[in-house]
Amino acid sequence: MVLEKFNLTGKVCIITGGAGFLGKKHAEAILESDGIPVILDINENKINEAVDSLKKQYKKEVVGYNVDITKKSEILKVKNRILENFSRIDVLINNAANNPKIEEKENLKNWTHFENFPESIWNQDLNVGLKGAFFCSQVFGKVMAENKKGVILNISSDLGIIAPDQRIYLKNSLKDEEQFKKPVTYSVVKYALIGLTKYLATYWADKSIRVNAICPGGVFNNQDKDFVAKLTNLIPMGRMADPDEYKAAILFLVSDASSYMTGSTIIIDGGRTCW
Ligand SMILES: NC(=O)c1ccc[n+]([C@@H]2O[C@H](COP(=O)([O-])OP(=O)(O)OC[C@H]3O[C@@H](n4cnc5c(N)ncnc54)[C@H](O)[C@@H]3O)[C@@H](O)[C@H]2O)c1
């Protein structure tokens, strides 16, 4: 039966940044197929809130650990705790990333402009989005390689396929030098995750670890109306994604439903990258 292939019963599925906006949705997808989500996040309050609400909603096991994925020593410690609790690791979703909002870091005037982009923010963004994925794949992938089975899913973006269209971030009220730009680090991290996906897919193919990437388009989350109008104008389907619209693809990619798929990138973006 084809639906059985989506079943994750008893499978331990790690989600980095799992207490965030989409991380919780990945956890829901796993719970809805009877897997066990293990949320790794750096924000204690958000972890508690996510674990409590998921447990309440699904009445199933969910765990969360406070870990900074930019520190390998912390990941190694949490790996031991996960193995003590569950004796297995089946799935890793590299989801955590910095996603700077327009209103943040106003003290650094036009810090988002490439010409001025601070080395410190370059380091922070690459540390979370890329080094974090590297460390987690190293530590949890090693366990999977020893067991000769596992799945790694890297969360890239439509901006891992195309360049950001900086015009959608423009605000009429601001002077040129005050405008927000989508940071260069976002493109660099999201393209690099596709490279990491292909590297690990081939590197660990003989250990039966499948490694794929998903490139979601922007999710509607009450963004500014003017921004939404400009973005949706770039999307053939004429709208942003609903937060639940990636769950089926996540489940497909982390389960045996995608058993012949590795090194691939699935783009789900309402058609944006066609234009
Ligand atoms: N939201 C979207 O529209 C969208 C679209 C395309 C791709 N994505 C990608 O999906 C992923 C999730 O996005 P989101 O919107 O849920 O973001 P989010 O900011 O809500 O979640 C990111 C989570 O990562 C955690 N985190 C940050 N640094 C960490 C660290 N050092 N160690 C552990 N955890 C850390 C944060 O605490 C946060 O909970 C990101 O990779 C993002 O680029 C999002």
Side-chain angles (χ1 to χ4, degrees), residues 14-29 37-51 53-54 64-75 77-78 92-101 103-104 121 123-136 139-140 153-162 164 168 182-183 185-194 196-197 213-224 227-228 231-232 234-235 239-247 249-250 253 265-270 272-273:
I14 295 169
I15 310 165
T16 70
F21 177 53
L22 286 183
K24 271 187 283 183
K25 294 289 161 187
H26 308 333
E28 288 178 12
V38 176
I39 289 171
L40 306 188
D41 208 288
I42 202 172
N43 184 320
E44 184 84 38
N45 289 339
K46 275 169 72 182
I47 297 171
N48 292 337
E49 186 275 323
V51 170
S53 69
L54 289 165
Y65 297 102
N66 192 341
V67 188
D68 180 353
I69 58 158
T70 68
K71 303 205 168 85
K72 192 171 172 184
S73 56
E74 292 194 19
I75 303 170
K77 275 189 205 149
V78 87
L92 165 65
I93 305 181
N94 284 315
N95 167 76
N98 282 346
N99 189 13
K101 307 277 182 316
E103 58 278 11
E104 284 173 6
I121 298 179
N123 288 337
Q124 283 167 30
D125 290 352
L126 266 70
N127 278 350
V128 176
L130 197 52
K131 194 157 82 173
F134 160 62
F135 281 157
C136 287
V139 171
F140 303 122
L153 175 60
N154 293 320
I155 308 294
S156 179
S157 163
D158 53 359
L159 300 184
I161 303 291
I162 54 170
I168 67 175
K182 189 76 176 181
T185 43
Y186 200 75
S187 289
V188 170
V189 165
K190 296 302 173 185
Y191 272 78
L193 284 176
I194 295 176
L196 181 67
T197 299
I214 183 169
C215 293
V219 180
F220 181 68
N221 191 15
N222 298 312
Q223 290 94 338
D224 172 83
F227 168 78
V228 174
L231 174 55
T232 52
L234 300 175
I235 301 173
R239 63 176 180 86
M240 296 179 75
D242 175 278
D244 285 323
E245 280 184 305
Y246 299 117
K247 284 164 68 173
I250 296 287
L253 287 163
T265 299
I266 288 192
I267 304 170
I268 303 186
D269 64 350
R272 179 173 176 190
T273 55

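Order of appearance sets the numbers: ligands from 1, and atoms from 1 within every ligand.
Using a 4.0 Å cutoff on heavy atoms, K25 does not count as a contact of ligand 1. Heavy atoms of G18 come nearer than 4.0 angstrom to ligand 1 in no pair at all. For the pair P216 and ligand 1, a heavy-atom separation below 4.0 Å is found. Note on ligand 1: N99 sits outside its first shell, no heavy atom being nearer than 4.0 Å. Within the structure, the closest approach of G217 to ligand 1 falls below 4.0 Å when heavy atoms are considered.
Any N or O atom pair closer than 3.5 Å counts here, and K46 shares at least one such pair with ligand 1. Every N/O-N/O distance between S157 and ligand 1 stays at or above 3.5 Å. Below 3.5 Å of separation, one finds an N or O of V219 facing an N or O of ligand 1. Looking at ligand 1, you won't find any N or O of T70 less than 3.5 Å from one of its N or O atoms. An N or O contact shorter than 3.5 Å is missing between N43 and ligand 1 by distance. Polar contact with ligand 1: absent for A96 (N/O pair, distance under 3.5 Å).
Between the choices F21, Y186, F220, the shortest heavy-atom distance to atom 8 (N) of ligand 1 belongs to Y186. Summarising the contacts of atom 22 (C) of ligand 1 with G23, A97, G218, S156, the nearest heavy atom is found in A97. Among L40, T16, V67, the residue whose heavy atom lies nearest to atom 33 (C) of ligand 1 is V67.
Here the OG1-CD1 distance, from T16 to I75, works out to 9.0 Å after rounding to the nearest 0.5 Å.
Counting only N and O atoms by type, the side chains of T70 and N127 include no donor and acceptor under 3.5 Å apart.
The residue A241 has no part lying near ligand 1, judged by heavy-atom distances below 4.0 Å.
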